[in-house]
Student: 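Have a look at the structure that comes next, please.
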Amino acid sequence: MAKLAFIGTGVMGAPMAGHLAAAGHDVTVYNRTRAKAAAWADKYGGAVANTPAQAAAGCDAVFTCVGNDDDLAAVALGPDGAFTVMRAGALFADHTTVSAAIARRLAEEGAARDLLVIDAPVSGGQAGAEKGALSIMCGGSADAMAAATPLMQAYAARIVHVGAAGAGQQTKMCNQIAIAGVVQGVAEALRFAQKSDLDLDRVLEAISGGAAQSWQMVNRWPTMARDEFDFGFAVDWMRKDLGLALDEGARIGADLPVTALVDGFYAEVQAMGGARQDTSALVRRLPK
């Protein structure tokens, strides 16, 4: 049993921390909105801390799953941040989707403190977190990876070490770049089928068994057809992620025309009131 801290008990972090507690670890949680941390403790047991530093004190490993670069910097490097109290040799594993720049900064700051730091963004959404079936893409040292893997197995179906610090975040950008184009393609195919007066269930049966098949098609075609979008990965989050990818693409000289186009389409969905709807709400901007 390890002594762990989990900072960020939102829709992703709460079930991930829950899996760690269920695996027998001693888990202390912190959340900016204390009520969410308290609700987690009521459901899973464990302790609630008043600050990230209080949560991290004496821990073997600290996990974070927060909002953005600024949030991550605050909980790690701020006056009450985890880094101020973590012992030498402890692990800091970040599951937030953030820039590669902040991931590298944390790795550098951590190295100066003898910490093992890994950037480990996830894919699989809320359902994957709840089922303990996330895919995790990791950037960092081999030692950090060795420390993190046995713990992350509590909530992961796949864990891949993709490279040095920042590589995990860049790989998550690849993931979101690929998804954006697929969701747009599925949305257009659905509207085309509707305008052709085709049986949508039969169309799905026909095309989901061939080269067009994708997770988005199998899981989102039926809900898109029913105009159901109040679940899953929010448009606001997708725009944040695509913005990170576009910024990194500009930095490294990678051309991302489809990503930029779909990001603009998501801006239209936000303007239509779909900011908190699932990313499949992209279909809403296409007339029936």
Side-chain angles (χ1 to χ4, degrees), residues 6-17 31-33 36 40 63-75 93-103 119-131 133-137 155-156 166 168-187 214-216 219-220 223-224 228-249 256 258-285:
F6 206 105
I7 298 170
T9 53
V11 295
M12 298 293 290
M16 293 162 74
N31 196 82
R32 183 168 52 191
T33 303
K36 291 185 177 181
W40 181 91
F63 298 86
T64 51
C65 189
V66 291
N68 55 37
D69 284 31
D70 290 342
D71 296 330
L72 179 58
V75 300
D94 175 47
H95 292 306
T96 317
T97 297
V98 288
S99 70
I102 188 66
D119 53 325
V122 301
S123 180
Q126 183 176 350
E130 292 172 350
K131 294 175 183 176
L134 293 168
S135 292
I136 308 180
M137 46 221 83
Y155 45 80
Q169 295 298 343
Q170 289 175 313
T171 302
K172 178 61 182 288
M173 294 171 198
C174 293
N175 187 80
Q176 304 304 73
I177 289 165
I179 288 173
V182 171
V183 177
Q184 177 64 19
V186 172
S214 68
W215 186 96
Q216 297 292 338
N219 289 276
R220 292 294 179 254
T223 53
M224 290 163 77
E228 295 176 357
F229 309 108
D230 293 325
F231 54 85
F233 192 69
V235 169
D236 276 351
W237 299 340
M238 187 59 154
R239 287 218 69 206
K240 183 203 81 170
D241 291 1
L242 294 182
L244 291 170
L246 291 167
D247 288 346
E248 186 73 359
L256 303 173
V258 173
T259 303
L261 185 66
V262 176
D263 180 57
F265 292 161
Y266 275 123
E268 294 180 30
V269 177
Q270 286 176 318
M272 295 168 66
R276 303 303 299 172
Q277 292 182 327
D278 180 75
T279 52
S280 59
L282 199 60
V283 73
R284 292 181 58 205
R285 56 173 298 280

Student: What pairs with Tyr155 under ring pair (Phe, Tyr, Trp, His ring centres under 6.0 Å), at least two apart in sequence or on another chain?
Tutor: His95
Student: Sequence neighbours left out, what passes side-chain hydrogen bond (donor to acceptor under 3.5 Å, both in side chains) with Gln170? Give chain and number order.
Tutor: Glu248
Student: CZ of Arg32: more than 12 outside heavy atoms within 6.0 angstrom?
Tutor: no
Student: Using ring pair (Phe, Tyr, Trp, His ring centres under 6.0 Å) as the criterion, list what pairs up with Phe233, not counting sequence neighbours.
Tutor: Trp237
Student: Considering non-hydrogen atoms only, spot the tightest contact between Val11 and Gln126 and give its length.
Tutor: O-CG, 3.9 Å
Student: Kindly indicate whether the side chain of Arg285, heavy atoms from C-beta on, has any atom under 4.5 Å from the side chain of Gln184.
Tutor: yes
Student: With sequence neighbours excluded, tell me which residues meet side chain to side chain contact (heavy atoms under 4.5 Å, CB included) with Ala267.
Tutor: Arg239, Gln270
Student: Please name the pair of heavy atoms, one in Phe6 and one in Ala17, separated by the smallest distance, quoted to 0.1 Å.
Tutor: CG-CB, 3.6 Å
Student: Hey, could you give me the CG/CG distance between Leu256 and Leu261, rounded to the nearest 0.5 Å?
Tutor: 12.0 Å
Student: Could you work out, with side-chain hydrogen bond (donor to acceptor under 3.5 Å, both in side chains) as the rule, every residue matching Thr279, not counting sequence neighbours?
Tutor: none
Student: Minimum heavy-atom separation for Met12 and Val122, please, with both atom names.
Tutor: CE-CG2, 3.7 Å
Student: Please list, one pair per line, the donor and acceptor atoms closer than 3.5 Å that link side chains of residues 175-182 to other protein atoms, with sequence neighbours excluded.
Tutor:
from   : atom 1 : to     : atom 2 : distance (Å)
Asn175 : ND2    : Ser123 : OG     : 3.4
Gln176 : NE2    : Asp241 : OD2    : 2.8

Student: Indicate the atoms forming the closest heavy-atom contact of Ala234 with Ala275, along with that distance.
Tutor: CB-O, 3.9 Å
Student: Please determine whether side chain to side chain contact (heavy atoms under 4.5 Å, CB included) holds for the pair Asn31 and Trp40, giving the CA-CA distance in whole Å, both sets of side-chain angles, and the decisive distance to 0.1 Å.
Tutor: CA-CA 10 Å; Asn31 196 82; Trp40 181 91; over 6 Å; no
Student: For Pro121, run the side chain to side chain contact (heavy atoms under 4.5 Å, CB included) check against Ile136, Val98, Thr97, Asp94 and tell me which one passes.
Tutor: Thr97
Student: Looking only at non-hydrogen atoms, find the nearest pair between Pro15 and Gly10 and report the distance.
Tutor: CD-O, 3.9 Å
Student: Answer yes or no: is there a donor N or O on one side and an acceptor on the other, between the side chain of Lys36 and the main chain of Ala14, under 3.5 Å?
Tutor: no
Student: Do Phe265 and Val183 come within less than 4.5 Å of each other through their side chains, counting heavy atoms only?
Tutor: no
Student: Would Arg284 and Phe229 count as a side chain to side chain contact (heavy atoms under 4.5 Å, CB included) here? Give the steps.
Tutor: CA-CA 10 Å; Arg284 292 181 58 205; Phe229 309 108; 3.7 Å; yes
Student: Going by the salt bridge (Lys or Arg N to Asp or Glu O under 4.0 Å) test, which pairs reach into residues 272-281, not counting sequence neighbours?
Tutor: Arg220-Asp278, Asp236-Arg276
Student: Test of understanding: with side chain to side chain contact (heavy atoms under 4.5 Å, CB included), list the residues that count as partners of Ala187, not counting sequence neighbours.
Tutor: Met224, Val283, Leu286
Student: List in chain and number order the residues that pass side chain to side chain contact (heavy atoms under 4.5 Å, CB included) with Ser99, two or more places apart in sequence or in another chain; answer none if no residue qualifies.
Tutor: Asp69, Ala101, Ile102, Leu244
Student: Working note: Tyr266 + Leu282, criterion side chain to side chain contact (heavy atoms under 4.5 Å, CB included); need CA distance, chi angles, decisive distance, verdict.
Tutor: CA-CA 6 Å; Tyr266 275 123; Leu282 199 60; 3.7 Å; yes
Student: So does Ile7 get a backbone contact from the side chain of Thr64, meaning a donor-acceptor N/O pair under 3.5 Å?
Tutor: no
Student: Any side-chain heavy atom of Asp71 sitting closer than 4.5 Å to one from Thr96?
Tutor: no
Student: Looking at Ala129 and Leu134, what are the two nearest heavy atoms and their distance?
Tutor: N-CD2, 3.4 Å
Student: Taking only residues two or more places apart in sequence, or in another chain, which ones meet Asp119 in a side chain to side chain contact (heavy atoms under 4.5 Å, CB included)?
Tutor: Ala103, Gln169
